[in-house]
**Student:** 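Could you have a look at this structure, given as structure tokens, before my questions?
Here the structure is a predicted model, which means the values were calculated and not measured. One is the number of the first residue; the rest follow in order along the sequence.
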Amino acid sequence: MEIFATFDDSVFLEARDKVSVTLCPYHAKLCEPEWFCENTALNTDDPLEKQKIYKFRGDLAVRQGDHQKALDAYSSCQEWIADNNLTIRRDVLEGMARCCTKLGQRDRALDFADLLSKDVSNTCHLTSLLLLKVSIYQHFGAVGSKMSALQQLCSLLPFNPWHWYNLGQMCLQLLDSGRTTGSCSPERCESSEEQNDGGTEEQQREAAELNDNRIWLKACVCFIRTRLLLRILRQQQSSFVLQRTESTLQMTDEVLQRLSPKETTLHALTEVVSEDLIPEKMREDCQDGDSLASVCVQSFRERWWNKILLTGVLETDGLQTRTQC
């Protein structure tokens, strides 16, 4: 039996003399600040260079708050983007959607978001798209649509506490709005218009459920889920990340005290929303960045809401029950 490994004879041959290669000199391009704003910057036949110039101009205009100028620059940039450069195309389309939102052009903003959805191929793309839609719906007061988008984020990334927290905050704002302006606040009246605009079936269903009792229940659910997730994640955190978690946990506790669900309600809701919060299962189900072809996403209603309604907590607890008492 051979104890030592065998080596090929070529390993011990003398190294051949290496031929030196003369490299071409490299001259770095020196650019003045905001060089892309100069009129002469476009004096080039290179489409990639033109794409960069218009993109930089658009980004600078956004930073300066000139959204019409940014939109014009992004529109020009689109003409020079190569067909296979999906990253820049997505970035520019999102910029155009956000500019249209700031300019009050709702339909155009949603059209750009729809164009963006055609290139969605993984969960990161879909997350960015949903966050964009949330900002558009929030700007125009489309309550049902915004709630639907936030719930899709919770379904797509069920172990991200911040999507649950944002959904809970939205419910809380709706409750405050209802208490101060009556049964139909401007936001809620907008949701009725939204139904007439022919939104998706899910969006119309969410708009139809915008009553105080169900919003109260959804707020309770979201903050309970947020608290559970943050407590799990807190074990792995430190520094400013841990400080943010501790601060949010304190706010979550205060909100739940304010919503004041009964102990039986708290127990029933916690049981439903904690079913999938098993560390091993959470690692297996984490699908951040996965291809959409390999991802199976249950809707918010199927995964949690229908089960929550079946608990019957609204029959014994909620805002309407307390008013009757």
**Student:** The test is side-chain contact (heavy atoms from CB on, under 4.5 Å); show your working for Lys118 and Leu93 and say whether it passes.
**Tutor:** CA-CA 11 Å; Lys118 295 178 181 178; Leu93 282 172; over 6 Å; no
**Student:** Could you tell me if the side chain of Leu172 sits less than 4.5 Å from the side chain of Arg258, heavy atoms only?
**Tutor:** yes
**Student:** When you measure from the side chain of Asn166 to the backbone N and O of Trp162, does any donor-acceptor pair fall under 3.5 Å?
**Tutor:** yes
**Student:** If you measure from OG on Ser148 to NZ on Lys133, what distance do you get to the nearest 0.5 Å?
**Tutor:** 8.5 Å
**Student:** Does a donor on one side chain sit under 3.5 Å from an acceptor on the other, for Gln257 and Asp253?
**Tutor:** no
**Student:** Leu71 versus His67: any side-chain heavy-atom pair under 4.5 Å?
**Tutor:** no
**Student:** Indicate whether the side chain of Arg303 and that of Ser155 have a donor and an acceptor atom separated by less than 3.5 Å.
**Tutor:** no
**Student:** Honestly curious: do Phe159 and Leu233 fall in one hydrophobic cluster under the side-chain, below-4.5 Å linking rule?
**Tutor:** no
**Student:** In terms of hydrophobic clustering (I, L, V, M, F, W, Y; side-chain heavy atoms under 4.5 Å; direct or indirect links), are Leu86 and Leu126 co-clustered?
**Tutor:** no
**Student:** Is the NZ atom of Lys102 crowded by more than 12 outside heavy atoms at less than 6.0 Å?
**Tutor:** no
**Student:** Go through the steps for Glu302 and Asn306 under the test side-chain hydrogen bond (donor to acceptor under 3.5 Å, both in side chains), then give the verdict.
**Tutor:** CA-CA 6 Å; Glu302 292 172 345; Asn306 286 341; over 6 Å; no
**Student:** Return yes if some donor-acceptor pair links the side-chain N/O of Thr226 with the main-chain N/O of Cys222 below 3.5 Å, else return no.
**Tutor:** yes
**Student:** Apply side-chain contact (heavy atoms from CB on, under 4.5 Å) to residues Lys307 and Thr311 and explain how you reach the verdict.
**Tutor:** CA-CA 7 Å; Lys307 295 178 184 178; Thr311 62; 6.0 Å; no
**Student:** Can you tell me which residue among Val221, Asp317, Thr264 is in a side chain to side chain contact (heavy atoms under 4.5 Å, CB included) with Leu269?
**Tutor:** Val221
**Student:** Let's go through Asp59 and Arg63 carefully: what are the C-alpha distance in whole Å and the side-chain angles of both, what is the deciding distance for salt bridge (charged side-chain N to carboxylate O under 4.0 Å, His left out) to 0.1 Å, and is it a yes or a no?
**Tutor:** CA-CA 6 Å; Asp59 292 344; Arg63 187 173 181 179; over 6 Å; no
**Student:** So if you build clusters from Ile, Leu, Val, Met, Phe, Trp, Tyr with side-chain heavy-atom gaps below 4.5 Å, do Phe112 and Leu103 land together?
**Tutor:** yes
**Student:** Can you tell me if Thr101 uses its side chain to pair, donor with acceptor, with the backbone of Ala97 under 3.5 Å?
**Tutor:** yes
**Student:** Below 4.5 Å, heavy atoms only, C-beta onward: do Pro47 and Glu79 meet side chain to side chain?
**Tutor:** no
**Student:** With Leu167, which of Lys146, Gln151, Arg225 fulfils side chain to side chain contact (heavy atoms under 4.5 Å, CB included)?
**Tutor:** Gln151
**Student:** Parallel, tilted or perpendicular: which describes the rings of Phe300 and Trp164, with under 30° parallel and over 60° perpendicular?
**Tutor:** tilted
**Student:** Hey, any chance Leu115 and Val120 share a hydrophobic cluster, counting ILVMFWY side chains that come within less than 4.5 Å of each other, even indirectly?
**Tutor:** yes
**Student:** Which atom pair, heavy atoms only, marks the closest approach of Arg89 to Ala82?
**Tutor:** NH2-O, 3.6 Å
**Student:** When rounded to the nearest 0.5 angstrom, what is the spacing between CG in Leu116 and CG in Asp111?
**Tutor:** 12.5 Å
**Student:** Is the number of heavy atoms from other residues, nucleotides or ligands under 6.0 Å of Glu32 CD greater than 12?
**Tutor:** no
**Student:** With distance as the sole test, does Lys262 use its side chain to make a donor-acceptor pair with the main-chain N or O of Thr316 at under 3.5 Å?
**Tutor:** yes
**Student:** Distance from Asn39 atom CG to Leu42 atom CG, nearest 0.5 Å?
**Tutor:** 8.0 Å
**Student:** Side chains of Leu249 and Arg227, heavy atoms from C-beta outward: is any pair under 4.5 Å?
**Tutor:** yes
**Student:** Just by distance, do the side chain of Ser117 and the backbone of Asp114 share a donor-acceptor pair under 3.5 Å?
**Tutor:** yes
**Student:** Should we count CD of Gln237 as having more than 12 external heavy atoms under 6.0 Å?
**Tutor:** yes
**Student:** Under 3.5 Å, is there a donor on one side chain and an acceptor on the other for Gln78 and Tyr74?
**Tutor:** no
**Student:** Working note: Val143 + Met170, criterion side-chain contact (heavy atoms from CB on, under 4.5 Å); need CA distance, chi angles, decisive distance, verdict.
**Tutor:** CA-CA 9 Å; Val143 176; Met170 179 190 175; 3.5 Å; yes
**Student:** Looking only at the side chains, is there a donor atom on one of Thr44 and Glu49 sitting less than 3.5 Å from an acceptor on the other?
**Tutor:** no
**Student:** Between Ser128 and Arg90, what is the shortest heavy-atom contact and its length?
**Tutor:** CB-NH2, 4.4 Å
**Student:** Work out which heavy atom in Cys171 is nearest to a heavy atom in Ile215; give both atom names and the distance.
**Tutor:** O-CG2, 3.3 Å
**Student:** Quick one, Leu110 and Tyr137 - any side-chain contact, counting heavy atoms below 4.5 Å?
**Tutor:** yes
**Student:** Do Leu228 and Ile224 make a side-chain contact, defined as non-hydrogen atoms from C-beta onward lying under 4.5 Å apart?
**Tutor:** yes
**Student:** When you group the ILVMFWY residues by side-chain heavy-atom contacts below 4.5 Å and let the links chain together, are Leu60 and Tyr54 in the same group?
**Tutor:** yes
**Student:** Could you check whether any side-chain heavy atom of Leu150 comes within less than 4.5 Å of a side-chain heavy atom of Leu153, counting everything from C-beta outward?
**Tutor:** yes
**Student:** Rounded to the nearest 0.5 Å, how far does NZ of Lys52 lie from CD1 of Ile88?
**Tutor:** 9.5 Å
**Student:** Is any side-chain heavy atom of Tyr165 closer than 4.5 Å to a side-chain heavy atom of Leu229?
**Tutor:** no
**Student:** For a quick test of reading the model, state the closest non-hydrogen atom pair linking Ala219 to Gly168 and the distance between them.
**Tutor:** CB-O, 4.4 Å
**Student:** Looking only at non-hydrogen atoms, find the nearest pair between Ala70 and Gly58 and report the distance.
**Tutor:** CB-O, 3.5 Å
**Student:** Between atom OG1 of Thr252 and atom CZ of Phe223, what is the distance when rounded to the nearest 0.5 Å?
**Tutor:** 6.5 Å
**Student:** Within this structure, what is the CH2-OG distance for the pair Trp304 and Ser299, rounded to the nearest 0.5 Å?
**Tutor:** 9.0 Å
**Student:** Considering non-hydrogen atoms only, spot the tightest contact between Ala268 and Val313 and give its length.
**Tutor:** CB-CG1, 4.0 Å
**Student:** Is any side-chain N of the basic residue among Glu94 and Arg98 closer than 4.0 Å to the acidic one's carboxylate O?
**Tutor:** yes
**Student:** Kindly indicate, with the supporting measurements, whether the criterion side-chain contact (heavy atoms from CB on, under 4.5 Å) is fulfilled by Leu310 and Val272.
**Tutor:** CA-CA 10 Å; Leu310 286 173; Val272 172; over 6 Å; no
